[in-house]
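First up is the structure itself, then whatever we jot down about it.
All residue numbers in this chain count up from 1 along the given sequence. No hydrogens, no waters, no symmetry mates; every other heavy atom, side chains included, goes into these values.
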Amino acid sequence: MSERFDVVIAGAGPAGAQCARDLAQREYDVLVLETESEDEFPRQSNKSTAGTFPSAMTAFNIPDDVVMNYTDDVVLESPNDHYVRTQTGAVLEFADFKRWLVAEGREHGATYRFDSRVSAPIMEDGEIAGVRYAGDEEVYADIVVDATGPAAPLAKKLGVCDLQRDHQAIGIEYEFENIQVDHPQHADLTDSMMLRLDHDLAPGGYSWIFHTGADTAKVGLCYIQNEAHRENARDGWAIDDYLDHWLDTDPRFEDATRIEGTQAHRGSAHIQPPSSVSTDNFMAIGDTVPTIDPLWGEGIHKGMKSARAAAATADAALTPDTPDTSADSLAVYDRLWHSDVAPNQRKRLLMTELLYLAPDERYDRLMRDLHRNDSDTLTEVNNGNLRAMTKLFHLSDAPLLWEYAQQKLPI
């Protein structure tokens, strides 16, 4: 007899594990398939700076014991200036956080299988009916959820997303000690999450220092394979070279050393809108259908919100005496995704893309613009408010806007 569950979820990251947690609490029979071995989880997938804000901590009941440090400020840096915004947050110990989510799901009855890479959908009558995993193993479900991130083996084969390499962001991060977080040449980063816009360090992207207490911090950078990266990249340099360059040239790292026993966190994401997020018997969540805030990302919260929306949709579809998991029924998830997870998505994506295309001197001016405007401007920009965005634009930005339009308009 074929093995069958109500819902099968591919991927045990924050989105997949949260979706399983929500569904198991509703007493559905849920199976989560995770590529990594349980003994090392999450080794390869431990790839997030794990910064988040009180809204996420409260909404998902994230406990204090997975928090490395509570922060008071968000600091934005340009090559020659900075801006400090009072905004409380938390830097999570990402591995502990992910293991906590798995334990929460199991406590409510979710089944987890590790060493279980999902490779392909099982199709019946043109619709997904289950998945193949761990070689030739098969499992069937009423609903299948892809939470594998950029790999998206199910979503891609079903045509639910079309992730392009030229929109891919790649990143690297290490945990360091002996960092001078309050250096006289820079903003005081004590209990802060700092993001730096500087093409010398991260061409086409940004770098960061997230204070994790005392003289320790998460330090990393990422860049998008965009036009700004192509214009500013150094010949032959890989992402590790840029991080080494920053460590060698920033006085805050003069005595810094990598914390013994910690691993490099490496990851990728796509900065583009998904073509869709669901179809018959199927939903895609988390970084499989990515969404990002223009200035401080907050991918963990967005991914978990998409998981909660998918769980609510699955509940509504499976509750009736005659369950309906058709594309029309699961389209509720599409509406929730666009209204609650990624509202004003295209406007926010516009701001994100323009931000990383801007030259270094424009970043210095951005800091001055932020000092001149009220503290709500950043929040409004992150929410895709066009009026707020115009407060940060000048006539001198016309060439940048023209360059962006040329990239987007068909030739």
By the side chain to side chain donor-acceptor pair (under 3.5 Å) test, which pairs, at least two apart or in different chains, include something from residues 5-21? Q18-R21, Q18-D22, R21-E104
Side chains of Y83 and D369 only: does a donor on one sit below 3.5 Å from an acceptor on the other? no
Which residues share a salt bridge (Lys or Arg N to Asp or Glu O under 4.0 Å) with E124, sequence neighbours left out: none
Taking side chain as C-beta onward, heavy atoms only, is P251 less than 4.5 Å from H186? yes
Does the side chain of Q263 come within less than 4.5 Å of E40's, by heavy atoms? no
Please determine if K157 and D146 form a salt bridge, counting it only when a charged side-chain N lies under 4.0 Å from a carboxylate O. no
Count the heavy atoms of every other residue, nucleotide or ligand shown that sit under 6.0 Å from CD of E231, and state whether that count exceeds 12. yes
Closest non-hydrogen atom pair, H229 against I224: CB-O, 3.3 Å
Quick one: does P153's side chain get under 4.5 Å of T148's, heavy atoms only? yes
What I want to find out is whether E138 reaches R132 closely enough, with some N-O distance under 4.0 Å, to be called a salt bridge. yes
Do D188 and T190 have side-chain N/O donor and acceptor atoms under 3.5 Å apart? yes
Can you see whether D81 engages Y363 through a side-chain donor-acceptor pair at a distance of less than 3.5 angstrom? no
Please determine whether the number of non-hydrogen atoms from other residues, nucleotides or ligands lying under 6.0 Å from atom CZ of R387 exceeds 12. no
Would you tell me whether Q345 and W337 have side-chain atoms, one donor and one acceptor, within less than 3.5 Å of each other? no
Would you call D200 and R234 a salt bridge, using N to O less than 4.0 angstrom? yes
Is the shortest side-chain heavy-atom distance between L76 and M367 below 4.5 Å? yes
